[in-house]
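What follows is a set of notes on a single structure, which appears directly below.
Counting convention: from 1, in listed order, for ligands and their atoms alike.
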Amino acid sequence: MSRKAFLIGDPVAHSKSPLLHGLWLQELAIAGSYTAIAVKAPDLPRFFDRLREGEFVGGNVTIPHKEAALALCDAVDPAARTIGAVNTLVLQESRILGRNTDLVGFLHNLDEKAAGWDAGLETAIVLGAGGAARAVVAGLRERGVGTIAIFNRSLEKAQALVAGFGGDEVSAHPYAALADLAPAARLLVNTTAVGMGGSRFPHLPLDRLPADAVVTDIVYTPLVTPLLAEARDRGLHIVDGLGMLLYQAVPGFEAWFGKRPQVTGDLRDTVLAALEG
Ligand code: ATR
């Protein structure tokens, strides 16, 4: 029987996930499908019922449903609970398990492109305080980063994120304090949408980061965002966000179709060409 998986969101037409999963299905010669389905917010509960009835083996959830989907799951994994959002659904005996694989996607991408990035890493800077920031912070905590400084336009939103995590590691700051904290940070992560389509932060004091700092962006359109371009010009190690997109897809595919797919250079090139096309 051909297994069916989906991506639900609104809108979904722009997503490269169907291409990515389609390439893996083809490469691994699996009789299955992965289809993008536009689902409006009021229709989400009905879609979950449809999933429970067994038409699909599971799928991905994207904007704007990641938080609402968590509440509709029958069980959620610890990462999804911490982050407060699910991006992957797996049907298990008519029950829907919600997972969040953005965290492993983020970590694997850094592990691959900046091996050893977390060795002795004491301080990291995270720009933004939305859902993506929560996944990144959860990942950094998992790796034992001692100080995670969140910078956000809205300080209240950053403070709410900090309160959600508890503990002393995570703290909230206005952008004006970035220059003071930068010299201690060997990792800077952008989790905001700034960079998309070439948009820029007003000014970030990248010159204050240590010479061995890693700068990474979750935005991958363009692949080298203005932030990454500036960091590269300053001689810092940069890691683009495409790998996070590719690696977050691995656990879902494996759960739905039973084989672990590989993230290869060819796969990266094909997805990148589609993004640029
Ligand atoms: P996501 O779930 O993708 O992280 P989100 O929850 O809407 O999306 O969060 C978007 C984040 O990007 C927020 O931290 C937002 O900052 P504010 O809370 O101050 O709005 C940040 N962001 C979006 N546009 C920005 C901009 N032009 N400059 C700085 N931060 C921006």
Next on the checklist: I'd like to know whether W256 forms a ring-ring contact (aromatic ring centres under 6.0 Å, His included) with H21, so could you lay out the CA-CA distance, the side-chain angles of the two residues, the decisive distance to 0.1 Å, and finally the verdict.
Outcome noted: CA-CA 11 Å; W256 308 319; H21 288 281; 5.4 Å; yes
Checklist outcome for this item: By chain and number, the residues contacting ligand 1 below 4.0 angstrom (heavy atoms only) are G128, A129, G130, G131, A132, N152, R153, S154, K157, T192, V194
Item to check | D111 with R143: basic N within carboxylate O range, under 4.0 Å | outcome: yes
Next on the checklist: Over 60° means perpendicular and under 30° means parallel, so tell me whether F253 and F257 are parallel, tilted or perpendicular.
Outcome noted: tilted
Item to check | Polar side-chain atom of T264 near backbone of L267 as donor-acceptor pair, under 3.5 Å | outcome: yes
Checklist entry - To which residues is L51 joined in a hydrophobic cluster, defined by side-chain heavy-atom contacts under 4.5 Å among Ile, Leu, Val, Met, Phe, Trp and Tyr, whether direct or through other members? => result F6, I8, I37, V39, L44, F47, F48, F56, V61, L70, L72, V76, V86, L89, L91, I96
Next on the checklist: I need the minimum non-hydrogen distance between G9 and P64, along with the two atoms involved.
Outcome noted: C-CD, 4.5 Å
